[in-house]
Number of protein chains: 2
Amino acid sequence: MAEGGAKRADMVTITDVARHAGVAVSTVSYVLSGKRAISATTRQRVLASIRALGYHPNAGARALASRRANVIALVLPLRSGMHLPVLMQFATAVVTTARQFDHDVLLVTADEGPDGLRRIAASAMVDGIVLMDIEMHDPRVPLLRDLERPSVLIGFPAEAANLTCVDLDFYRAGAICVEHLVALGHRDIALLGAPAVVYERDTGFAHRTRAGFTETAERYGIDAIAQPCEESFDGVRQELAGLLERHPNLSGLVVHNEAAVAHVLATLPLLGRQVPHDISVVAICPDEVAERASPALSSVLIPAEDVGRQAVALLMRKLEGHPVPAATLLDPRLTVRASTAAVATAVSS
Amino acid sequence: MAEGGAKRADMVTITDVARHAGVAVSTVSYVLSGKRAISATTRQRVLASIRALGYHPNAGARALASRRANVIALVLPLRSGMHLPVLMQFATAVVTTARQFDHDVLLVTADEGPDGLRRIAASAMVDGIVLMDIEMHDPRVPLLRDLERPSVLIGFPAEAANLTCVDLDFYRAGAICVEHLVALGHRDIALLGAPAVVYERDTGFAHRTRAGFTETAERYGIDAIAQPCEESFDGVRQELAGLLERHPNLSGLVVHNEAAVAHVLATLPLLGRQVPHDISVVAICPDEVAERASPALSSVLIPAEDVGRQAVALLMRKLEGHPVPAATLLDPRLTVRASTAAVATAVSS
DNA sequence: CGCCGGTCTCGAAGCGCTTCGACAACCTGT
DNA sequence: ACAGGTTGTCGAAGCGCTTCGAGACCGGCG
């Protein structure tokens, strides 16, 4: 019995507050919820008692009676190859925003799968669900449709009918990068994307970025190649070396792979290309990464924080029964830094 | 009213199950909890009904009646300069382990502060609390002591009486690194630690590593200097350059800073030091980082997963009223890889 | 044969809260 | 002075579950 003891139930209940303030239990409840008018004097008295006793409503009882848990689930891909900093920023934004709406966040790992979601939802533990890392053909999507709880997805599955989705507009992000490079005079550009395995998993954002890149390049009628990119230093080095050998005139590079971005910058000089003098590099990554790089990267930022905030805000609106747009695409913004420059003159033709 | 509708209460309750199985509500409850003997035939019938109806117990009701929420809180420093990968591994381990004990995890950010903890605890939302990133004089610590919920800390505050703490034994980690270098013949070594701000925040692990390093070096009577280390590439470069200028004979380096480790490896060759030929480097970091580095780093791993698992296991034991050890120090293990070698012969005296 | 001790099941009393209908007390305007 | 509307408060009925005491049934003992 060393020390593990727990004091027996000093828990203050709403009844205690009511007695202390000399009012009915329901009055206390109404003071707390504001759902009925309570005279200023009574309210003050009740609030004083609440403070005096250190009362906190019992979450279980509240959930049971009101049918609202004031908790949302956040489903994270805790083990996948997602990029941690973004994920973290995102989680932070979700928690912070949820708290602003007086909700808490239940952390669920993606590997609990559909059954986990069903359990969470059916047990009325959470009022709604936010999911990250949605795949194109995500097995959880059909389930979400006929779950009785509202949900918001970060990312777009192939079939998004009847769902609420939020994401950066990756198509535009890819397009913007091309436009930026083209405006600087580059005519021979390449996209280094996520590792091949990510494309195979049918992750929507990777595909959409590539589409934006490729189609925009086509529209400008310029040479553009897109290829996956591994994340190890040696992998990057090999791929870059191969790429530059096949396309010696390459003067613009779009990197959509946070983990590889530093390696790319480190490797290019070793391959005889100075950034931005010989080759311009624009990345799609969080600002933090872009700023820290050397040289600082021109980049389209992934607004993880905005996404998280938006997702929660949408969910809250749904919880209140309001209609919300099915798709929310956050507009990418390009920040020009030191890694892109006008194409070097007097090189070709 | 576009589409936001929610189907009215198709929620299956224990009463439905009882009716469907032709037994009393309490019998269903006992089947589920196993707290009383139920005949095999009845049990089968009840379980069949549960499956047939797709019943999931209502978490709020269960929590209210049983005074157990089956949820633990995980308090993370979601915004600080902690190292994300470790934090993630840790969170994953906590969630996974909690699920094995049939508990869920409520995600709480450290910036909710003591009041947040009080709220979570007093509302009976969670049965227990796991806290990361404990500072030496953490303001939450006194609160935890007289909170009515058990808790487990990752890391050690200055005054740990009456608490349950888990962590890697950083003192030993620092010591082991020195011992390893000394065994290889190095007599002039340095520790590159966390950024200065981390020391100022009084984060325990940073201090303890340094103590282990310094005191062990003293015991061997060798030259050892310890200094903080910024995480930017340029910061690392400057500090290393300064260090090598002041101590040209430096032949062993201990790096306790995940973010800086890659920069250190990249910088040393630029300063004319080959690893491990001219200088040995041993890091305190997750295996993942050490393996990916080039050359692969000899390292003492931070067993984030073990720590998370242990923390939850301890908390569960406390929840069941069992006594648990106040301090759990996980033994560091050194893995020798390619970044350390015997000191180069014929250099000195 | 009657009684004791197991084994299995049931009914009812809450857990702490929300919410609904009722009602007293007060205003208006006429 | 009174019908009719506010406004502020109360009591009671649950929400869906756990848990306790008690009862029904059975076989075996003295």
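- Comparing A/Gly60 and A/Thr27 by the nucleotide of DNA chain C whose heavy atom lies nearest to each, the residue mapping closer to the 5' end is A/Gly60.
- Close approach of DNA chain C to chain B, defined as any atom under 4.0 Å from a non-hydrogen atom of the protein, starts and stops at C/dC8 to C/dG16.
- The side-chain heavy atoms of A/Leu87 and A/Pro77, taken from C-beta on, include a pair separated by under 4.5 Å.
- B/Arg149 places a side-chain N or O within 3.5 Å of a backbone atom of B/Ala121 that can act as its donor or acceptor partner.
- Atom CD of residue A/Gln310 and atom CD1 of residue A/Ile154 lie 9.5 Å apart, to the nearest 0.5 angstrom.
- Judged purely by atom type and a 3.5 angstrom limit, B/Ser49 uses its side chain to pair as donor or acceptor with the backbone of B/Arg45.
- Listed for the A/Asp127 side chain is no donor-acceptor partner under 3.5 Å among the backbone atoms of A/Ile72.
- Of the residues in residues 14-25 of chain A, those placing a heavy atom less than 4.0 Å from an atom of DNA chain C are A/Ile14, A/Val25, in numerical order.
- Atom CE of A/Met125 and atom CG of B/Leu106 lie 9.5 Å apart (nearest 0.5 Å).
- A heavy atom lying under 4.0 Å from DNA chain C marks the following residues of residues 34-55 of chain A, by number: A/Lys35, A/Arg36, A/Tyr55.
- A/Arg99 has its side chain out of reach of B/Thr109: every pair of non-hydrogen atoms, C-beta onward, lies at least 4.5 Å apart.
- In this structure, CG in A/Leu131 is found 6.5 Å from OG in A/Ser151, a value given to the nearest 0.5 Å.
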Side chain to side chain contact (heavy atoms under 4.5 Å, CB included) assessment of A/Arg119 paired with B/Asp104
CA-CA 11 Å; A/Arg119 179 181 67 83; B/Asp104 283 284; 2.8 Å; yes

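- A/Leu47 CG to A/Arg51 CZ: the interatomic distance, rounded to the nearest 0.5 Å, is 5.5 Å.
- Across all strands, B/Thr13 comes closer than 4.0 Å only to sugar-phosphate atoms, never to a base (heavy-atom distances).
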